[in-house]
Protein chains: 2
Amino acid sequence: MALEHALLVALSERPAAGLELARRFDRSIGFFWSATHQQIYKVLRRMEDDGWVTAQTIEQSGRPEKREYTVTDVGHKVLADWISTTTPRAGFRSEIAVKMRAASYGDRDALLANIAELIADHRVRQGHYETMSARDYPEPQQLAGHELDTYLVLRGGILQETFWIAWLTEYLEAHA
Amino acid sequence: MALEHALLVALSERPAAGLELARRFDRSIGFFWSATHQQIYKVLRRMEDDGWVTAQTIEQSGRPEKREYTVTDVGHKVLADWISTTTPRAGFRSEIAVKMRAASYGDRDALLANIAELIADHRVRQGHYETMSARDYPEPQQLAGHELDTYLVLRGGILQETFWIAWLTEYLEAHA
DNA sequence: CCTTACATGTAATCCGTTACATGATTAG
DNA sequence: CTAATCATGTAACGGATTACATGTAAGG
């Protein structure tokens, strides 16, 4: 029950149509709350029915029409209320953790190869985040308000990748 | 599509009935793959239908009967095959990250209070893991095989909590 | 007497993924 | 000529949560 709210955040930052939101999700918020376009369309319709957003149909030359969504006063209130409700600690789910524990019941070398790949993946992703951070927030100390928030969320991505690299590396080295 | 496999791991370690599995999940594997008893019962039935496990009804004096499940040869093969398939990088989903980004559209102080609570939560949980680690694995260097695996998964829990504490604290301090 | 623990389940609902569909335009 | 891009969607399915149901026995 939070894709709605993630969409309200994205649309508060800037009104957009479904596909554009899907693309934006792939680049920023989606790092922490992924969603496919199908799901986004479905949820946007429901949000419109509930009066959280309004849609404006925009004609485009040589392209299909798009429906651009804007957050209503109701939507802004829903978002503000949601921010004030307490979020409980998130449950952590990891398939690779289950496999780590299961390694003695299967091919450990295959698992170690899988883990080595994952480490490489996480390094790439961490590099990606760091590039974004250096490019978009060269002077973090100067930031405030919404910009400071987006920066700190990106920092979370970097720290999260650091965690993965550390843990997976520890597993690899213990079995080296 | 992995609760089945988590159950195969748990049942490979030791045969058990549904409720006992639910309890075990709350204490060990469940830290990384949570499940309610309802769901566990449903999945166990399906696994039995598929021949991955067999059930033995056990009468108990003064208590309801229980169905104890054991992994079959087929089940062991399914588990081994699954371990050899590659697991992709897990998508990270965080409601609090969405709220961090949304803070300027609502009551930031309420969010900061929420985050302070979360930090306390994560500290408690980290302490819990560390106690388990010190108690069950006093000499990690000596470990091998399945025990080493369970230790390293627990280490993952500790590192994960470290990540949360670091990130949330960074957010708090940036807004202090 | 009331509550908790034991033990297994059904039903409703929700959230999300995957596959498929349409139809026009632009790039190679 | 083919593939990709823009833009919006439907349909089917599966995983998971929440609420509810049953019945016995021990503990306070």
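Here the structure is a predicted model, which is why all the values come from computation and not from measurement. In what follows, chains carry the letters A, B, and so on, assigned in the order in which the sequence lines appear, proteins first and then strands, with residues in each chain numbered from 1. Reckoned from all heavy atoms, side chains included, excluding hydrogens, waters and symmetry mates.
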| Can you tell which of D:dT17, D:dT8, C:dG16 lies closest to the side chain of A:Q39? | C:dG16
| How close or far is atom C1' of C:dA7 from atom CG of B:L21, stated in whole angstroms? | 13 Å
| said: Without decimals, in angstroms, what is the distance between B:R46 CZ and D:dG15 P? | reply: 5 Å
| task | Among C:dT8, D:dA16, C:dG16, find the nucleotide with the atom closest to the side chain of B:W33. | result | D:dA16
| message | In whole Å, I'd like the distance from the NE2 atom of A:H37 to the P atom of C:dA19. | response | 12 Å
| field | Aromatic plane relationship, A:F92 with A:W167 - under 30° parallel, 30 to 60° tilted, over 60° perpendicular | value | tilted
| remark: Side-chain atoms of B:T36 come closest, of D:dT18, C:dA7, D:dC6, to D:dT18
| task | Send over the distance from A:E68 CD to D:dA7 P, rounded to a whole Å. | result | 11 Å
| query | Between B:T162 and B:Q126, does any side-chain donor sit less than 3.5 Å from a side-chain acceptor? | reply | yes
| field | Rounded interatomic separation in angstrom, taking OH from A:Y41 and P from C:dC20 | value | 19 Å
| said: Tell me whether the rings of B:H146 and A:Y105 are parallel (<30°), tilted (30 to 60°) or perpendicular (>60°). | reply: tilted
| task | Would you mind checking if A:R155 and A:D149 are paired as a salt bridge, meaning a charged N to carboxylate O distance below 4.0 Å? | result | no
| Closest to side chain of B:R93, choosing from D:dA16, D:dT17, C:dG16 | C:dG16
| query | To the nearest Å, how far apart are A:R67 CZ and D:dT8 P? | reply | 8 Å
| query | Starting at CD of A:E95 and ending at C1' of D:dG15, how long is that distance when rounded to a whole Å? | reply | 13 Å
| Is the centre of the B:Y129 ring less than 6.0 Å from the centre of the B:F31 ring? | yes
| field | Selection from D:dT18, D:dA7, D:dA16 that lies nearest to any side-chain heavy atom of B:Q38 | value | D:dT18
| note | Rounded to whole Å, the CD-C1' distance (B:E4 to D:dG14) equals 10 Å
| note | Result for 5'-nearest mapping on DNA chain C, choosing between B:A17 and A:K42, is B:A17
| task | Using only side-chain N and O atoms of B:R23, determine if any of them is under 4.0 Å from OP1 or OP2 of C:dA5. | result | no
